[in-house]
Protein chains: 2
Amino acid sequence: MSKTSQAAGLHRASLAKLHELDAALELMYYGWRGMTLEADDYLAKQGLSRPHHRILYVVARRPDIAIGALIEVLGISKQALNRPLNLLLERKLLTSKRAPEQHRSKLLRLTAAGQRIEQRASDHERKVMRQAFERAGASGTAAWMAVMEAIADNN
Amino acid sequence: MSKTSQAAGLHRASLAKLHELDAALELMYYGWRGMTLEADDYLAKQGLSRPHHRILYVVARRPDIAIGALIEVLGISKQALNRPLNLLLERKLLTSKRAPEQHRSKLLRLTAAGQRIEQRASDHERKVMRQAFERAGASGTAAWMAVMEAIADNN
DNA sequence: GCTCTCATGTCAACTATGTTGACTTGAGAA
DNA sequence: TTCTCAAGTCAACATAGTTGACATGAGAGC
């Protein structure tokens, strides 16, 4: 599932820069890894991984979401969702129940255990972000967010 | 290999924020996707994908790198490197030759075709970054880099 | 009541990216 | 000549995704 020592061993490699913006590309890559490293480690200890966390994260923020809506938010196929979702249901981190009036769709919710794991995993990620923002101050944080929004909304 | 329409269809979902820093987590996620979307698309058209690009990117910046060193920089196993690397050699995007004095290791280099593909794929990523930086100005860009460095060096 | 649609569930086959473990090969060094 | 080291290769496996095909069960329309 993961390999702490090996993944952690990958520090920022020093590569010659062919273009001015190469540093930015590498910062995106290592930034993503830096943010997710501890969370993935924690998840691996729980026998879970990134896709499980994505499901938990979304359901935490959209309680009673239907499976179809979850598929849309995650951007994966029904079949790809199936296995991680069933694992979360078996492990009782999620519950699914039919809606009272809309019997067609199943509504998903986190159990207390699911909430705990979602929160702890996300806390690892938030901790990394908080530390970086503290160093940067309010104006640096605002600038970071503005740049990230521009990158995210590019497509 | 990829699915343009489907991946592009995944826009930023609006999720309730349970914590102040949730927006930052989502910006990291969608930022990574925003930066890599067009590059991955281009690579898919060439029958390549992200691991191939990573190899090409590193070899471009470390000409005559040995396979063992490449494994270290990429942080993957020899066996995992094997298939994408052989594809790049077969497609003549990379060359490998024995060192003149150090016959043990093979030295990797990009061919002209390999350089072209590496450059075009990275250009897609740099374009996204350049546009975001232009909007943010020099000070915003500097702030973004400072925050990303803090995130990347967290581990 | 009968049929049609729609959300969900499930099976199979496939691709890609990664892992470990075990073993070979070929060159250089002791 | 033997030892070591870089590289290559084979098997088995895990995970994360894809399409396609088909089943089921509930509501809605006629």
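Below, read A as the first sequence line, B as the second, and so on, with proteins coming before strands; counting in each chain starts at 1.
- In this entry the distance linking CG of L108(B) with C1' of dG8(D) reads 13 Å, nearest Å.
- The separation between I65(A) atom CD1 and dA7(C) atom C1' is 14 Å, rounded to whole Å.
- Comparing atom distances between the A80(B) side chain and each of dT18(D), dG18(C), dT17(C) picks out dG18(C) as nearest.
- Distance L74(B) CG to dT19(C) C1': 16 Å, rounded to the nearest Å.
- For S77(A), taking side-chain heavy atoms from C-beta onward, the closest of the listed nucleotides dA16(D), dT18(D), dT9(D) is dT18(D).
- Computed from coordinates, the I67(A) CD1 to dG25(D) P distance equals 16 Å when rounded to whole Å.
- A donor and an acceptor atom, one from each side chain of Q115(A) and T111(A), are nowhere located under 3.5 Å apart.
- Of the candidate nucleotides dG17(D), dG9(C), dA22(C), dG17(D) has the atom nearest to the side chain of R54(A).
- Between P51(A) and N86(B), the residue anchored nearer the 5' end of DNA chain D, judged by the nucleotide with its closest heavy atom, is N86(B).
- Distance N82(A) CG to dT8(C) C1': 10 Å, rounded to the nearest Å.
- We find that NZ of K106(A) is positioned 20 Å from P of dC6(C), with the value rounded to whole Å.
- Of the candidate nucleotides dG18(C), dA22(C), dA6(D), dA6(D) has the atom nearest to the side chain of S105(B).
- When each of S96(B) and K78(A) is assigned the nucleotide of DNA chain D with its nearest heavy atom, S96(B) is the one assigned upstream, toward the 5' end.
- Taking atom CG of residue L89(A) and atom P of nucleotide dT10(C), one finds them 10 Å apart after rounding to whole Å.
- With Y57(B) as the aromatic partner, R61(B) meets the cation-pi criteria of under 6.0 angstrom to the ring centre and within 45 degrees of the ring axis.
- Here R83(B) lies in heavy-atom contact (under 4.0 Å) with a base.
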request  = May I have the step-by-step check of side-chain hydrogen bond (donor to acceptor under 3.5 Å, both in side chains) for S122(B) and H53(B), ending in yes or no?
outcome  = CA-CA 8 Å; S122(B) 299; H53(B) 185 206; 3.0 Å; yes
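- In this structure, CG of L85(A) is placed 16 Å from C1' of dT15(D), rounded to the nearest angstrom.
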request  = Could you go through the salt bridge (charged side-chain N to carboxylate O under 4.0 Å, His left out) check for R126(A) and D123(A) one step at a time?
outcome  = CA-CA 5 Å; R126(A) 283 189 291 257; D123(A) 272 346; 2.8 Å; yes
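- Test L93(A), L108(A), I117(A) against L88(A) for side chain to side chain contact (heavy atoms under 4.5 Å, CB included) and you get one pass: L93(A).
- Residue S49(B) has its side chain nearest to dT17(C) when only dT18(D), dT17(C), dT9(D) are considered.
- Looking at the side chain of I76(A), the nearest of the listed nucleotides dA16(C), dG17(D), dT9(D) is dG17(D).
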